[in-house]
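Remember, it's a predicted structure, so these values are computed and weren't measured experimentally.
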Amino acid sequence: MTTIRQQMPTGELTLQVDEARFALDELIGYAARANAKRGFLFLSKVLGKHWPVTPGAMEAIHTDLAAQIPPDLPGPVVFIAMAETAVGLGQGVFEAWLRAHPGSEGLFLHSSRYRVGSVPFFEFEESHSHAPRQFLHLSDSASAVFARARSLVLIDDEASTGNTFANLIGVCRTRYPQLEQLHLGVITNFMGQDANAGLSQRFGLPTTVGAALSGRYAFTMGETPAPVATSAQRFEADAERGASDAFGRIGVDRPLMPPQALAARLAQGIADGESVLVLGTGEFMHPSFLLGRELEALGKRVVVQSTTRSPILSWGSVGHIVYCDDNYGEGIANYLYNVAPGQYQHVFICHETPASPALMQLAGQLHGRLFHFQSETKIEEIPVC
């Protein structure tokens with residue numbers, strides 16, 4: 001057991017680590033949040049969101065979390081990843097699980113803060129977030145699988161109170177009372193041993209947990225409250241945000257196709273030793289990982305990361321901050337952490353939304369190239385103005 005005390009601009013964090021399957025400083029760092037509800041952040045160094053990560057390190061986490069899922073879960077098994085931070089993580093764990101269990105029937109969905117056309121959805125809440133409303137869309141085929149599902153696997157980067165899981169599980173059990181078993185997969189599990197032992201009773205289903213790191217924490221707010229960031233969600237029911245239905249938002253039952261042809265073409269222009277950043281945008285994360293993995297397999301020096309709507313202060317594990325406009329058109333402030341313009345010789349920005357001034361601005365700041373993923377096979381490079 002390891003105990004760490006961390007003084008932050010927003011208060012004092014005490015962390016007790018009971019088990020870590022990877023080196024602690026390789027898994028997490030510490031950051032201060034502009035959020036009066038929660039003035040700190042365990043900043044994941046393996047997620048590919050707030051910190052640049054090699055595709056190999058990301059895939060190691062995907063494989064480890066998939067290996068901790070009980071092998072005897074009755075199927076079909078539905079995987080749900082939490083937007084926006086864990087979208088790529090969840091899809092990676094699902095694909096690792098499919099590789100380990102060929103022939104098993106599974107379905108992957110990720111929640112979203114955007115509505116997708118007229119696709120049916122249900123809603124749950126992430127109460128501690130600056131963007132609390134979450135939507136889960138179901139195509140007709142996904143809905144049919146969910147109606148037969150017997151096991152549920154929920155994926156997030158972190159569990160602290162378990163409240164978001166509880167909100168989603170309550171909705172799912174009401175809609176799908178045939179569910180029999182539940183598994184939670186997280187990079188960091190800070191609910192504590194007593195809470196873990198009581199999860200089956202709390203959720204009303206036999207529940208297991210898999211994590212790369214387990215422990216608990218306490219946070220004491222400082223005398224000066226955390227700065228309050230503006231709302232990170234401006235939901236309009238009829239607004240078209242460009243959120244795609246092609247990559248897991250409405251359900252997918254197989255691995256996504258990696259963009260091998262694009263990677264091969266881009267690799268021709270990358271000299272030996274040159275650095276590459278493959279950048280996802282908001283909820284659009286997994287295709288950037290797949291592109292990065294293909295480039296890494298071709299011998300290129302690659303890291304993967306994503307823009308985010310999460311407001312974090314410049315302190316601790318957050319160095320440089322790039323401020324960027326929201327490419328989904330909500331008018332929400334977006335950020336890119338720990339990346340400085342000019343740091344990488346090549347920056348490939350992957351997005352699901354159509355070309356926009358926000359994307360042009362981001363590409364201009366980073367001297368990057370834009371790639372619009374309209375589907376798994378239709379990827380268009382957008383000229384940067």
Side-chain angles (χ1 to χ4, degrees), residues 48-49 83-84 87-88 91 110 112-119 131 137 232-236 238-250 256-270 276-292 294-295 302 304-309 321-337 339 341-385:
K49 192 65 177 174
E84 71 178 18
V87 167
Q91 208 148 8
H110 72 77
S112 179
R113 286 173 171 117
Y114 311 109
R115 289 284 304 280
V116 182
S118 60
V119 179
H137 296 81
Q233 189 171 35
R234 293 197 185 110
F235 176 72
E236 298 172 2
D238 299 324
E240 174 52 57
R241 300 298 183 193
S244 175
D245 62 2
F247 301 96
R249 197 177 265 111
I250 68 171
L256 294 184
M257 294 174 55
Q260 293 177 333
L262 175 61
R265 176 167 66 83
L266 294 176
Q268 294 176 358
I270 303 170
V276 181
L277 170 65
V278 183
L279 185 66
T281 44
E283 293 181 3
F284 192 68
M285 295 176 62
H286 193 59
S288 61
F289 160 74
L290 294 177
L291 177 58
E294 292 299 314
L295 289 169
V302 185
V304 175
Q305 205 175 327
S306 174
T307 61
T308 176
R309 67 172 74 200
I321 303 175
V322 172
Y323 297 87
C324 47
D325 290 337
D326 163 33
N327 62 296
Y328 289 89
E330 283 185 302
I332 299 297
N334 275 219
Y335 314 90
L336 174 61
Y337 298 108
V339 174
Q343 181 177 347
Y344 298 95
Q345 276 82 43
H346 302 273
V347 178
F348 304 135
I349 303 170
C350 304
H351 54 98
E352 61 180 336
T353 57
S356 65
L359 288 167
M360 294 295 172
Q361 175 206 41
L362 180 62
Q365 286 179 282
L366 300 178
H367 312 293
R369 296 163 65 180
L370 295 171
F371 295 90
H372 182 197
F373 284 65
Q374 299 173 52
S375 69
E376 292 173 82
T377 56
K378 187 176 181 181
I379 305 168
E380 178 185 7
E381 182 168 2
I382 306 296
V384 176
C385 302

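Checking side-chain atoms of Gln365 against main-chain N and O of Cys324 turns up no donor-acceptor pair under 3.5 Å. Counting only distance, with no hydrogens or angles, the side chain of Thr307 and the backbone of Gly282 share a donor-acceptor pair below 3.5 Å. Distance alone, capped at 3.5 Å, is enough to place a donor-acceptor pair between the Glu283 side chain and the Arg113 backbone.
Of all heavy-atom pairs spanning Gly292 and Val304, the tightest one is CA-CG2, 4.2 Å. Closest approach of Ala246 and Ser375 over heavy atoms only: CB-CA, 4.5 Å. Between His286 and Gly88, the closest heavy-atom pair is ND1-O, 3.7 Å. Closest non-hydrogen pair, Ile379 versus Pro259, comes out as CD1-CB, 3.8 Å. Taking each heavy atom of Asp326 and Tyr114 in turn, the nearest pair found is OD1-OH, 4.3 Å. Of all non-hydrogen atoms in Pro354 and Gly242, the two that sit nearest each other are CD-CA, 4.4 Å.
With a 4.5 Å cut-off on side-chain heavy atoms, Thr308 and Glu84 count as touching. For the pair Leu362/Asn327, no side-chain contact is recorded, criterion being any heavy-atom separation below 4.5 Å from C-beta on. Residues Leu279 and Leu366 have side chains in contact (heavy-atom distance under 4.5 Å, counting atoms from C-beta outward). You'll find the side chain of Lys49 stays beyond 4.5 Å of the side chain of Gln305, heavy atoms only. Looking only at side-chain heavy atoms (C-beta outward), Lys378 and His372 stay at 4.5 Å or farther from each other. Phe348 places a side-chain heavy atom less than 4.5 Å from the side chain of Leu295.
Separation of atoms NE2 (His351) and CD1 (Ile382) is listed at 5.5 Å; rounding is to 0.5 Å. Considering CE of Met257 and CD of Glu376, their distance stands at 6.0 Å, rounded to 0.5 Å. The distance from the CE atom of Met360 to the CD1 atom of Ile349 is 10.0 Å, given to the nearest 0.5 Å. The CG atom of Leu370 sits 9.0 Å away from the OG1 atom of Thr353 when rounded to the nearest 0.5 Å. Between Asp325 atom CG and Leu359 atom CG the span is 10.0 Å, to the nearest 0.5 Å. Atoms CG and CZ, from Leu262 and Phe373 in turn, are 6.0 Å apart once rounded to the nearest 0.5 Å.
The aromatic rings of Tyr335 and Tyr323 stand perpendicular to each other, their planes meeting at an angle above 60°, with 30° marking the opposite boundary.
With salt bridges taken as basic N to acidic carboxylate O contacts below 4.0 Å, one links Glu330 and Arg309. A salt bridge links Glu381 to Arg369: one of the charged nitrogens lies within less than 4.0 Å of a carboxylate oxygen.
A side-chain donor-acceptor contact under 3.5 Å links Tyr328 and Glu352.
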